[in-house]
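This report concerns only the one structure given below.
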Amino acid sequence: MEETSDRLNPTTDTSGITPEFDPKTMRSTKPGLKRLFITTSVLFSFLLGVPFLWKSVEIYRSPLPFHDIDSLSDQIESTPLRFPCNFHAVFVGFESTDPDNLRSQIQDGINQLTHQSTQCGSCNFSLSVTVQNPADQCSETLAHNPSTCSYRCGVITRNEFGVGLDDTVDESLNDVFSGCSENSGKTYSVVVVNKENANGEDEVLKAVVGKRRHAWVVGSGLEERYGDIVAGVSEIFVKVFMNGGRDEESIHGEFMPVGSDGKIVLSFSLLNSNPRDWVYDWDFQRIDDALLAPVTKALAPIANISVESQVLYHTPKSSFSAWDEKLQGYIFRTSDLPFFVNSNEWHLDTSAGASGRSKILQFVVYIPSGKECPLLLQLPNGEISKTNGFISPMWGGVIVWNPENCDKDSESPSRNTISPQELEQIVEIFLGQFRQLFGFKSEAIYTSGLGTYKILPSERGFTEWELDVLSRKHTCFNLHSCSTTLGSLSRLVRSLPRMIIKDEIGEQVKYSLKAAKLAQSNASLGGYSSSASSSREARSLAENVFFHPSIMSVSYFSYEHCFAVYSPFFLPVVAHIVLAVNREWKRYRQEKAKYLTWLTRKKTA
Amino acid sequence: MASLVRSWIPLLILQSFLVAVAFGSKEAEQFSEALLLKPLPDRKVLAHFHFENRAPPSNSHGRHHHLFPKAISQLVQKFRVKEMELSFTQGRWNHEHWGGFDPLSSMNAKPVGVELWAVFDVPQSQVDTSWKNLTHALSGLFCASINFLESSTSYAAPTWGFGTNSDKLRYGSLPREAVCTENLTPWLKLLPCRDKDGISALMNRPSVYRGFYHSQRLHLSTVESGQEGLGSGIVLEQTLTVVLQPETTSVETNMQPSWSLSSLFGRKVVGSCVLAKSSNVYLQLEGRLGHESKNVDTEIEAHKLWKNADFDLSLKPDRVLRESSGLLFIFDIDKSSDSEPFDLGLNWKLPSKWSCQQAPLQASRFLMGSGNERGAIAILLKATESQEKLPGRELTDGRCTIKANIFQIFPWYIKVYYHTLQIFVDQQQKTDSEVLKKINVSPSTDKVSSGMLEMMLELPCEVKSAAISIEYDKGFLHIDEYPPDANQGFDIPSALISFPSHHASLDFQEELSKSPLLSSFKEKSLVRSYTEVLLVPLTTPDFSMPYNVITITCTIFALYFGSLLNVLRRRIGEEERFLKSQAGKKTGGVKQLLLRLTAKIRGRPIEAPSSESPAAESSFLSTKLIFKIILIAGAAAAWQYFSTDK
């Protein structure tokens, strides 16, 4: 590396060539490029190394299918999930009615009722209509879907139908429509029976919705009230079978009190607000075995329900109540309800038995103390609530239960057990509350503009068509919650570029998306249980990902850290190199200028 | 948010309800409360709260409960706990003054911090998993960092040294856990009356935590029903032991202080918990048997027992029991009410002195050695005065002996050399075969498991002192493993000394009603005592070290790189020419000096211009010397300045 470019000896070299050679401003040899080349190559190799360094300090991020997540949530937003349903209307005893005409009219009616509410979990229906004239001859118009079971003509006779108890009628209808293939959705049927006008006067129109998937309308002279009947039938299809008789303004359908692992824990607590006045106990084990077990069994496709109970003492409510002379009781109003639950003293306890993300619904039976007995709930219209209870959506319900006799007779507290009859009443109220938490009505009558329908209650708490509605809503809710969870995960991941994302997270997101897709396709094919289970899986996977421990602990390997570690090396070195290149470049230009002046001088000479 | 419920009238099948399976004569869940008060010889008062909750054998455990806490039952059900004890303690039990040979001290004198042990009813392979899950559940339930016992370095599986022989037993303790009211509140939640009513209403937090010692304990055990198809019952025993100092106005130092419940706790009992089957207050007086006549039947004699020349009680006891070493007054608090609160007081009239029964040997433990590399742990057992009187001596080969079990857990960073175990009896070293009857050692594995030492000593009855020492090396932890306050040192959990042939029990001369507290005292309990917690300082690194290393290494690299680059682009010939031309000129002394200095640094000898005279050279040499001195002095000053700055 002995550099010799500047080894010019002015005394020997220049003397002979030109007399005006000035060593300060000119040079006779070409300036060398060696040093400039070395320094720039070092600089460039550094610049080339930057991407490699960048790559090496990069943290591992498993690629997430952002696009798929976005498309899933877009899809769920834009096209609500619809399940295939088969509606079958049977008109018995109608003389001159064309089934095609009827079908199109009912179809119009249904469309009219559903067109504004395209909410998730509704039906993608196919309608078939059978008309049986008084001579027991049928004409039918079937839906495009051939799988619907056909009604065997003449099974329902016009005059014998609807006699007897509603329950038996319901059972007989079930026999009539049994054997339906349920491969593509459930079949709901409405039977309209036009009775002979025996007495010469119009019978009262009777409309009943059964425990299974059937409804019937019985009356006479129905042919004259043709329009009403058509409207009524389409209303039963839409409002009852499709929407479950829910009030539009009640609890929003998107909320289902089911944990993401598909479990519900019903935690019953009996609160003795002051055991010094009286102590009440209950035999909940019997209630559980006798009354709650059928309900939990019925709801098994929707959720895995377990029941717990406890008795707590010294649990005053945290709102105040005032004595009302007219009502002879202590009154608490609906405006007091937000303050009724005393979270300090009511240690209802999250259940250790409920693992992970089960939903716990608290049902509280509150026994007021002697100072506030009887405790009555006043409705906004001034009346006293019949149930003396209220619910709080997604939390549970409270029932205030007043002892028979509010007078404290003796100094020592009385120990009592709530009698089975009273317990049964409490459980009835609870079942109503439970239905309300799922968004159903707690009363057995559905009233609409066109009349009232009697709804046969099931001893299991939920009828079959209600369970269908629940199952549809549950699938919807799961898919919706899955897509929102994944959406917020993708937003979070995109907003934190230095967050480590492990492979298992990426995998679980993929599985979750896959399960969601499967649920959607199953739903469109009419597989209620399969779509419910895969939607549940999608949701639970999405929540697993979101609450994954590696996501909860955001990495500390930040940009600041990176800078602190690498700057002690790179700052001084880069300063050296840049200065060297700069200097060499300047010198080269200067020397070149010298050389050029020498050249011109030589030329002129 | 809330909407009203209107009645939903389902056709409930009442029949099935009525024909519901009858459970026969079902035993109910039972709860009882008791408080034991005991004046201590060193002018303090011990208060021992005892709550017992029994759930009979049933299949609905964890699901339906009336009095028994649901959370505990679910815990038992879920982790299949057979027996479990959890204690939170602050302060150290004074074995000398507060007793060491009664059921109270052997059960309630606990090591500082948290201690947890549990026996599981699961297959051997699942015991560790159950333990880990249990620690997490308990830490959530009791608002404490019990979950630190999850790591396998913090618990051990004692075989026989702990007293309970089971291969499904796990034991762990956290000496540094701070115990305070946030642990007491969840503990109280398990009682049906919490601290709203009954005896637990006395638990005024400031007075409880002002005490010298408090230990809150939760012991649960399952009772097999013996019946086919029926689950097991659970007994939950919760105790709180507090040692308080009553405030005295008396100036006499040998006079015992007089106290009452309201002066001790600042509260009074206004009635029993209505849910309790029995609620009693006991007052135990030790060492007052001498001047009592045998017949307590007469009214006057009985009256003398609680109102005499020595002391008087403010309330008449409902019953008086005699036991071997003292008197037990029983009060029933059912009669008290808001207007007439129960406020028991003890008023001393004459100076009184007595001593507590003590364990045969008193244990203490200390560290030996200095420095951050190695040390030794010594356990010293000293004979107590009461040793001769105690039962439980054994004759082996014609010699009278006392057996003592020592159970000790070592964290893995205390690397114990078990071959260095030395045993001294009365200052004379003994060989292992002479005194060591049984020993079980499980060595620690670095960062995986803690070490455990169980040994059974057989000492002669007339022993005055025995000492055990064992040497250890201090290990190094990874920088991530240090706790936030690493300089404070690391705790070695208490050793447990138990005397397998000594059992403490209170022996009442009369048969009495089934009071859970008294029946637990009547049961023979193993005499045991815990030693102090040791604090071992470990070498702690400078936690900014990684960054310092990075910075220094990078600086060196940068220097190397820079100088290499400079060498590459040096033009030697040009510099020489330049120097020559500079030498030709007359330059100032300073400038020339600098020039020479740079040349010196670059490692090239300057070609001294021939024109320079030797005289000038000598003067230059002297300036060079001066400059060197100044440079060194400056560097020293800078070093001093920066090193003292910290």
Side-chain angles (χ1 to χ4, degrees), chain A residues 3-4 6-7 35 38-39 42 250 275-276 279 281 284-286 288-291 307-311 313-314 337-338 347 349 351-353 379 385-387 389-393 413 420 424 428-429 431-433 435-436 442-444 457-459 461 564-565 568-569 572-573 576-577 580 584, chain B residues 1-14 16-21 23 60 62-67 69-71 74-75 77-78 137 141 189 192-194 196-197 271 273-275 337 547 550-551 553-555 557-559 561-562 565-574 577:
Chain A
E3 180 51 53
T4 53
D6 294 315
R7 197 186 289 164
R35 288 179 175 75
I38 288 171
T39 47
V42 169
S250 75
R276 290 197 157 214
V279 179
D281 202 350
F284 204 84
Q285 173 85 43
R286 286 172 136 194
D288 184 13
D289 292 345
L291 299 176
V307 179
E308 296 172 359
S309 80
Q310 60 183 343
V311 185
Y313 308 90
H314 293 285
L337 295 184
H347 45 281
D349 257 349
S351 166
L379 300 177
S385 162
K386 278 184 211 149
T387 59
F390 60 94
I391 64 164
S392 172
E424 198 195 329
E428 276 175 23
I429 299 171
L431 270 180
Q433 291 187 338
R435 286 170 56 84
Q436 281 205 325
S442 57
E443 46 192 4
S458 165
E459 63 274 14
V565 169
F569 179 63
V573 167
H576 265 120
I577 294 169
E584 285 302 320
Chain B
M1 279 288 279
S3 66
L4 305 176
V5 175
R6 304 252 234 99
S7 71
W8 156 258
I9 310 134
L11 295 175
L12 296 161
I13 300 176
L14 195 64
S16 64
F17 175 68
L18 293 175
V19 194
V21 191
F23 277 86
S60 64
R63 295 178 55 218
H64 302 296
H65 288 285
H66 303 272
L67 280 174
K70 193 173 75 175
Q74 283 176 343
L75 214 69
Q77 225 47 34
K78 195 165 183 189
L141 201 59
K189 261 192 194 177
C193 284
R194 307 212 295 290
K196 300 279 166 206
D197 212 351
C273 174
V274 290
L275 303 153
S337 63
Y547 286 94
I550 287 170
T551 315
T553 322
C554 289
T555 314
F557 268 114
L559 272 177
F561 203 88
L565 203 69
N566 273 340
V567 164
L568 278 179
R569 47 175 285 267
R570 260 180 87 178
R571 295 173 173 83
I572 299 159
E574 201 172 297
R577 259 196 340 269

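To find a chain, count down the sequence lines: A is the first, B the second, and so on, and within it residues start at 1.
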Are the side chain of Arg569(B) and the backbone of Thr39(A) linked by a donor-acceptor contact shorter than 3.5 Å?
-> no
Can you check whether Tyr313(A)'s main-chain N or O pairs, donor with acceptor, with Arg194(B)'s side chain at less than 3.5 Å?
-> yes
Do you know which two heavy atoms are closest between Glu308(A) and His64(B), and how far apart they sit?
-> C-ND1, 4.1 Å
Nearest atoms (heavy-atom pairs only) where Val307(A) meets Arg63(B) | O-NE, 3.6 Å
Not counting sequence neighbours, which residues clear salt bridge (Lys or Arg N to Asp or Glu O under 4.0 Å) with Lys189(B)? List them please.
-> none
Tell me, side chain or backbone of Leu559(B) under 4.5 Å from chain A's heavy atoms, or both, or neither?
-> neither
Val42(A) versus chain B, the contacting section by heavy-atom distance below 4.5 Å | side chain
Contacts of type side chain to side chain contact (heavy atoms under 4.5 Å, CB included), residue Thr553(B), not counting sequence neighbours | Val549(B), Phe557(B)
Top residue by heavy-atom pair count (under 4.5 Å) with chain A, among Val567(B), Leu141(B), Leu565(B)?
-> Leu565(B)
Rounded distance [0.5 Å steps], NE2 in His65(B) versus CD in Gln285(A) = 10.0 Å
How many angstroms lie between CG in Leu67(B) and CG in Asp281(A), if you round to the nearest 0.5 Å?
-> 7.5 Å
